[in-house]
Amino acid sequence: MAIAGGTVKSIVLDGPVDLPGFRCAARDLLARQIAPEQVSWHSSSMPTQDLFADLASPAEPDEQHAPAVAKPGTGNPSPITVPPEFLTLCQTVILHSDPRRFGLLYRLLWRLVHEPALRHDPLDADRMQAQHMAQAVRRDMHKMKAFVRFRAVEDMHIAWFEPDHHTVEATAPFFVRRFTQMRWAILTPECSIEWHPADGNGKGSLHTRPGAQKADAPPADAGEALWLTYYQNIFNPARLKLKMMQKEMPKRYWKNLPEAQFISELTAASSQRRMGMIEQVPTEPRRRIPVFTEGAAAAARGQAALNVSQTLAQMQQGEKPVNLQALNAAAQACRACPIGQHATQAVCGEGPVRARVMVVGEQPGDQEDLRGKPLVGPSGQLFDRALKDLGWARASLFITNAVKHFKYEPRGKRRMHKTPSQLEAAACLHWLESEIDLVKPEGVIALGATAASSLLGRKVAIMSERGQWFSRSDGLRVLVTLHPAALLRMPPRATRSRLHRLAC
Ligand code: URA
């Protein structure tokens, strides 16, 4: 750092990011009561000119002096106290490429000392300008971390990058941490950095080299071809947000990003690909086929008895979900009985929240468990046929089950339906009653014994009671009928007439 005398002081710093030099000079100028308008800042790589012409009143040409070496600290320096944030701000702002940054920082320092109120004025123009500069520097460092692309050359990885500010050395520690074991270099027009990892005994070392040209960086390698294939495959057209993408990855960086060559093509095809994805049949989750052991099953039964009594006690205390979404979310976590642990998901009811008729089946089957919807498997198809015969729209009904998880027994790769026990149905009852509370149907159709028993709170003999309406103590009317699965188990000739019975 050098100081030249005269009316206008010229300060020459040792390079564009010479923070120690700046601090030393600023302290000295302040001690000598030299106002910001009387100082002209330069760094050894900058052309010598008045660098803060736009920020402060320009010095008269004849007042300018060529920078010359001078000894700082000749005044009577009394300790200067500034908020610690100011030093942090200086560390960042000094990395900005705007040559006016030194003048701005010194003016801020001067004003902090002479205008105590400045500390409490975040909207002050100088403070805001410094904050904007700091933000731009941080953004530049972030972009460098995100957009540096190394290419392998023998035992070294080399990247080319063009930062907007003097951020290369400040960002280097990130790459050292990330690629500690690798020998690498990042070439930039202003300066380059090179990392040599530890060679057994010693520590790794970071070197700063002169700036380079893009042609000095290596061409694409085989690793890059792999990255490009990967990039094209992970590009998800359904998640494309063009504006956000360009904000995150501004076009000026594209020239050094190998994957950028595909962006236009991929974005142009995205809407067609998105439509294709929508039209595709959804893939189902894989079946979970756990291994049951008798010991584990017995332990689970014991735990279930405990959980059910707790659940019933909570029900009595009136803890009820506020809407069907909340109910669905809460049921996913239900482990009041052991079934939930082995199912893919809890399958709650679906249909209009103000449906006049609610239909209650037994429990989700294999298909329902995978798709998360009630009555969509073979029983559901039979049920749909009965609705068609009746001329009822499925969409007008609220369809649910007495038990929300699929109970099954694994048999090889298949999951065989198992009727839920009374205990399991009791553990699920509060979900069904909450659905009834939220939908408030005028009537409920119980498909089969499990649903009928849950709804009526007693054992129901389905063959003798089917086709009858029953009134509950809360006034809700329940029609008991056969479960479609019962028809599926009958010989085919009987099915047609039984289907008619289900519909009646
Ligand atoms: N699927 C259901 O959702 N419920 C049943 O009762 C049977 C199959």
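Predicted model only: the values in this text are computed from it and were never measured. We use all heavy atoms of the structure for the numbers below, so side chains are in, but hydrogens, waters and symmetry mates are not. Whatever order the structure lists them in is the order used to number ligands and atoms, beginning at 1.
- A donor and an acceptor atom, one from each side chain of H417 and Q363, are located under 3.5 Å apart.
- Close placement of the F179 and F150 rings is indicated, their centers lying within 6.0 Å of each other.
- Atoms CZ and CD, from R394 and E350 in turn, are 6.0 Å apart once rounded to the nearest 0.5 Å.
- For Q363, a nitrogen or oxygen atom sits less than 3.5 Å from a nitrogen or oxygen atom of ligand 1, counting backbone and side chain alike.
- Against a heavy-atom cut-off of under 4.0 Å, N401 is close to the following atoms of ligand 1: 2 (C), 3 (O), 4 (N), 5 (C), 6 (O).
- Every atom of ligand 1 with a heavy atom of G361 under 4.0 Å away is listed here by number and element: 6 (O).
- With hydrogens left out, the protein atom closest to atom 1 (N) of ligand 1 is E368 OE2, 2.9 Å, a heavy atom.
- Inclusion of K373 in the set of residues having an N or O under 3.5 Å from an N or O of ligand 1 is not warranted.
- With a heavy-atom cut-off of 4.0 Å, E362 touches ligand 1 through backbone and side chain alike.
- Remark: ligand 1 atoms within the under-4.0 Å shell around heavy atoms of H483 are 5 (C), 6 (O), 7 (C).
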Query - side-chain contact (heavy atoms from CB on, under 4.5 Å) assessment of L456 paired with V480 - result: CA-CA 10 Å; L456 297 175; V480 172; 4.0 Å; yes
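- If you check the side chains of Q345 and D369, you find no donor sitting under 3.5 Å from an acceptor.
- Remark: minimum distance from atom 3 (O) of ligand 1 to any protein heavy atom is reached at L375 N, 2.7 Å.
- Judged by the 6.0 Å distance and 45° axis criteria, R127 is not positioned over the aromatic ring of F86.
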